[in-house]
Amino acid sequence: QLQLVESGGGLVQPGGSLRLSCAASGFTLDYYAIGWFRQAPGKEREGVSCISRSGGSTNYADSVKGRFTISRDNAKNTVYLQMTSLKPEDTAVYYCAAKQYYIDRYYCGRQGYEYGSWGQGTQVTVSS
């Protein structure tokens, strides 16, 4: 059974850093693009970042560009989201999601409808 599990969330002060992990089980991530999404209370879900199958293509929302870095370690079947210079407005539940691509190794998208498998989410709270 395909499963994604996020971890690494928590409470951090403004300006701090966190690294989120998205671990896959029941399947290999080699053929999947991965997206990170977040949703704050009362707000729409936002596509934060994504990474292609190959890892050669990444994409970021303007709100996190220059502060967040997505990466993947297919040997560990895990994708990471390194978050630095965190702001209170980064507070949200963060989700990872997977989309299978048999041929295209260099595409990923930040639209939620593109993804079929989702994790349960991890809470990130940025507050002093």
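Using cut-offs of 30° and 60° on the angle between ring planes, the pair F37 and W118 is tilted.
Residues N74 and L29 come closest through the heavy atom pair OD1-CB, 4.3 Å. Taking both residues in full, the closest heavy atoms of R53 and D30 are given as NE-O, 3.1 Å, listed atom of the first, atom of the second, then distance.
Side-chain contact between D104 and Y106 is present, with heavy atoms from C-beta onward closer than 4.5 Å. Side chains of R105 and S52 form no contact here, defined as non-hydrogen atoms less than 4.5 Å apart. When side chains are defined from C-beta on, V12 does not count as touching T125, because their heavy atoms never get closer than 4.5 Å. Using a 4.5 Å cut-off on side-chain heavy atoms (C-beta onward), S7 and T122 make no contact. Looking only at side-chain heavy atoms (C-beta outward), T69 and L81 stay at 4.5 Å or farther from each other. Contact check for P88 versus S127: no side-chain heavy atoms found under the 4.5 Å cut-off.
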Evaluate the side-chain contact (heavy atoms from CB on, under 4.5 Å) criterion for residues N59 and Y107: first the C-alpha distance (whole Å), next the side-chain angles of each, then the deciding distance (0.1 Å), finally the verdict.
CA-CA 9 Å; N59 193 287; Y107 174 78; over 6 Å; no
Begin from the C-alpha positions of Y95 and R38 and carry the test side-chain contact (heavy atoms from CB on, under 4.5 Å) through to its verdict.
CA-CA 6 Å; Y95 301 88; R38 67 185 181 186; over 6 Å; no
Show your working on side-chain contact (heavy atoms from CB on, under 4.5 Å) between V79 and W36 and close with a plain yes or no.
CA-CA 9 Å; V79 172; W36 280 100; 3.8 Å; yes
Show your working on side-chain contact (heavy atoms from CB on, under 4.5 Å) between Q120 and E6 and close with a plain yes or no.
CA-CA 7 Å; Q120 82 292 346; E6 302 93 337; 2.9 Å; yes
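For the pair E114 and K99, the salt-bridge criterion is not met [side-chain N within less than 4.0 Å of a carboxylate O].
No side-chain donor from either of Y80 and Q82 sits under 3.5 Å from a side-chain acceptor of the other.
Aromatic rings from Y60 and F68 are positioned such that their centres are separated by 6.0 Å or more.
Under the side-chain contact (heavy atoms from CB on, under 4.5 Å) criterion, V124 pairs with L18, L20, M83, Y94, V126, sequence neighbours left out. Here Y31 pairs with nothing under the ring-ring contact (aromatic ring centres under 6.0 Å, His included) rule; sequence neighbours left out. Judged as a salt bridge (Lys or Arg N to Asp or Glu O under 4.0 Å), and not counting sequence neighbours, the contacts of R67 are D90.
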